[in-house]
Protein chains: 2
Amino acid sequence: MGCILASTTYEEQFKNFLKKNNLKFTKERREVLRAITIQRDHFHAEDIYQQLRKQKSNVSLATIYRTIPLLIDSGLIKGTIYGGERVVYEKVYNKPHHYHMVCLNCGKIIEFICPDMEVIQNNICRNNIFLSTEYNLEIKGYCQDCRRKMMNEKKEQKIQ
Amino acid sequence: MGCILASTTYEEQFKNFLKKNNLKFTKERREVLRAITIQRDHFHAEDIYQQLRKQKSNVSLATIYRTIPLLIDSGLIKGTIYGGERVVYEKVYNKPHHYHMVCLNCGKIIEFICPDMEVIQNNICRNNIFLSTEYNLEIKGYCQDCRRKMMNEKKEQKIQ
DNA sequence: ATTGTAATTGAATATCATTCTCAATTACAT
DNA sequence: ATGTAATTGAGAATGATATTCAATTACAAT
Ligand SMILES: [Mn+2]
Ligand SMILES: [Mn+2]
Ligand SMILES: [Zn+2]
Ligand SMILES: [Zn+2]
């Protein structure tokens, strides 16, 4: 289990944040943090809980929910997709800013980077004297696979 | 109470949608629809309920929640801002597509139009063979007023 | 106008992600 | 080692939204 190398800086970042705010670096917080470094791109609060149970850790869901805002404020994760039944989070530390396409049929999330968009957004904020902390672009629709499936279903209907 | 002129096309649109789907144009649905035409830019489900109570209408909250998806599917409203405690809706019929800045301090919502962004989004969807039904850009941050207030508070702290 | 029937309604209840309460425990500065 | 404020888990609370069900209603066909 020697795969925690990359998380060292994660942990440093988190520790610094906690110290700065008179908060304690507890066993539970460390375990939540590590569970997150293991998660793939996008995850729910519940995913962290399941991850920890797999690892025989007994951190409660309450503590996970209490830790999430700390991880957000320390710049390690952020809430990405709202409006479903539960919030989707993702790691942001050392990851380039990007946007999302969400398939309404299969739920797939497609990421994309768009420097042009960033420029436009900065201009808009400057023009409106608005201090932005977060840009969030979400394109909802249907992915390539689902479009294919839907077209095939239509064909079959016509044949019958 | 002769101020329902502008809602005629709203009502037509809704009636057409309902007929197309074997749904009935009930007294309650008409009242919800009219309550919505009266709402200002952005509103919650609860706002509709309050509006109707003011007008001595007894449409239940359950019916309002059941009517909202119908209004969305008929192209009259859409959910705009998620992630707060409740969903923010807005009218979209005959309204140009636009984006939002949300102040994290006072909750103010600032709308803006951006044709350049639309072009970029269309390109991205084409490149990914993604069929978009909805673009949603939300910029979170702090509005001009709140920034002023925060700066003044800082000054006062220094003086004390 | 009457009738048949599927759609709709309000009231109450359920859902379910997230937050809160509180007594017991713990991190960590001194 | 000690003091104290922060933290924890368990369970209860919250609150927006969804669902159940028996009674009502819209409306197409007669
Ligand atoms: Mn992502
Ligand atoms: Mn708007
Ligand atoms: Zn898909
Ligand atoms: Zn503000």
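Numbered from 1 within each chain, the chains take letters A, B, ... in sequence-line order.
Distance CD1 (A/Ile68) to P (C/dA17): 13 Å, rounded to an integer number of Å. In this entry the distance linking CG of A/Leu18 with C1' of C/dA29 reads 16 Å, nearest Å. In this structure, A/Arg29 atom CZ and D/dT8 atom C1' are separated by 10 Å, rounded to whole Å. Rounded to an integer number of Å, the gap from NZ of A/Lys15 to C1' of C/dA27 is 13 Å. Atom CG of A/Leu52 and atom P of D/dT8 are 12 Å apart (whole Å). Across the protein-nucleic acid pair, B/Asn22 atom CG and C/dA6 atom P stand 12 Å apart, rounded to whole Å. In this structure, A/Ile64 places its CD1 atom 17 Å from P of C/dC20, rounding to the nearest Å. Residue B/Arg30 contributes atom CZ, which lies 17 Å from atom C1' of C/dA7 at whole-angstrom precision.
Residue pairs meeting the salt bridge (charged side-chain N to carboxylate O under 4.0 Å, His left out) criterion with at least one member in residues 98-123 of chain A, sequence neighbours excluded, are A/Lys95-A/Glu111, A/Lys108-A/Asp145.
In the displayed structure, A/Asn122 atom CG is contacted under 6.0 Å by more than 12 heavy atoms of other residues, nucleotides or ligands. Other residues, nucleotides and ligands place more than 12 heavy atoms under 6.0 Å from the CG atom of B/Asp73.
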Across nucleotides 22-30 of chain D, 5' to 3', mark each nucleotide with B, S or - according to how protein heavy atoms within less than 4.0 Å reach it. ---BBS---

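DNA chain D is contacted by no residue of residues 69-82 of chain B, taking any non-hydrogen atom closer than 4.0 Å. DNA chain C is contacted by no residue of residues 40-51 of chain B, taking any non-hydrogen atom closer than 4.0 Å.
In this structure, B/His98 contributes its side chain and B/Pro96 its backbone to a donor-acceptor pair below 3.5 Å. In this structure, the side chain of B/Thr63 does not engage the main chain of B/Val59 through any donor-acceptor pair within 3.5 Å. With B/Ser74 contributing its side chain and B/Phe17 its backbone, the two residues share no donor-acceptor pair below 3.5 Å.
With axes fitted over five pairs at each extremity, the angle between the ends of the helix from C/dA1-D/dT30 to C/dT30-D/dA1 is 40° (10° resolution).
The other residues sharing a hydrophobic cluster with B/Met117 are A/Tyr99, A/Met101, A/Ile110, A/Phe112, A/Met117, A/Ile120, A/Ile124, A/Phe130, A/Tyr135, A/Leu137, A/Ile139, B/Tyr99, B/Met101, B/Ile110, B/Phe112, B/Ile120, B/Ile124, B/Phe130, B/Tyr135, B/Leu137, B/Ile139, where clustering joins ILVMFWY side chains under 4.5 Å apart.
Counting only N and O atoms by type, the side chains of B/His42 and B/Glu90 include a donor and acceptor under 3.5 Å apart. No hydrogens or angles considered: a donor-acceptor pair under 3.5 Å links the side chains of A/Glu31 and A/Ser57. A donor-acceptor pair shorter than 3.5 Å cannot be found between the side chains of B/Glu85 and B/His44.
Note: the hydrophobic cluster containing A/Val87 also contains A/Leu52 (ILVMFWY, side chain heavy atoms under 4.5 Å, direct or indirect links).
The side chain of A/Ala62 lies closest to D/dG11 when the candidates are D/dT17, D/dG11, D/dT7. Side chain of B/Arg66, nearest nucleotide from C/dA12, D/dC21, C/dT18: D/dC21.
Between A/Ile48 and A/Gln51, the closest side-chain pair of non-hydrogen atoms is not below 4.5 Å.
Distances shorter than 4.0 Å separate some side-chain N or O of B/Tyr65 from OP1 or OP2 on D/dT17.
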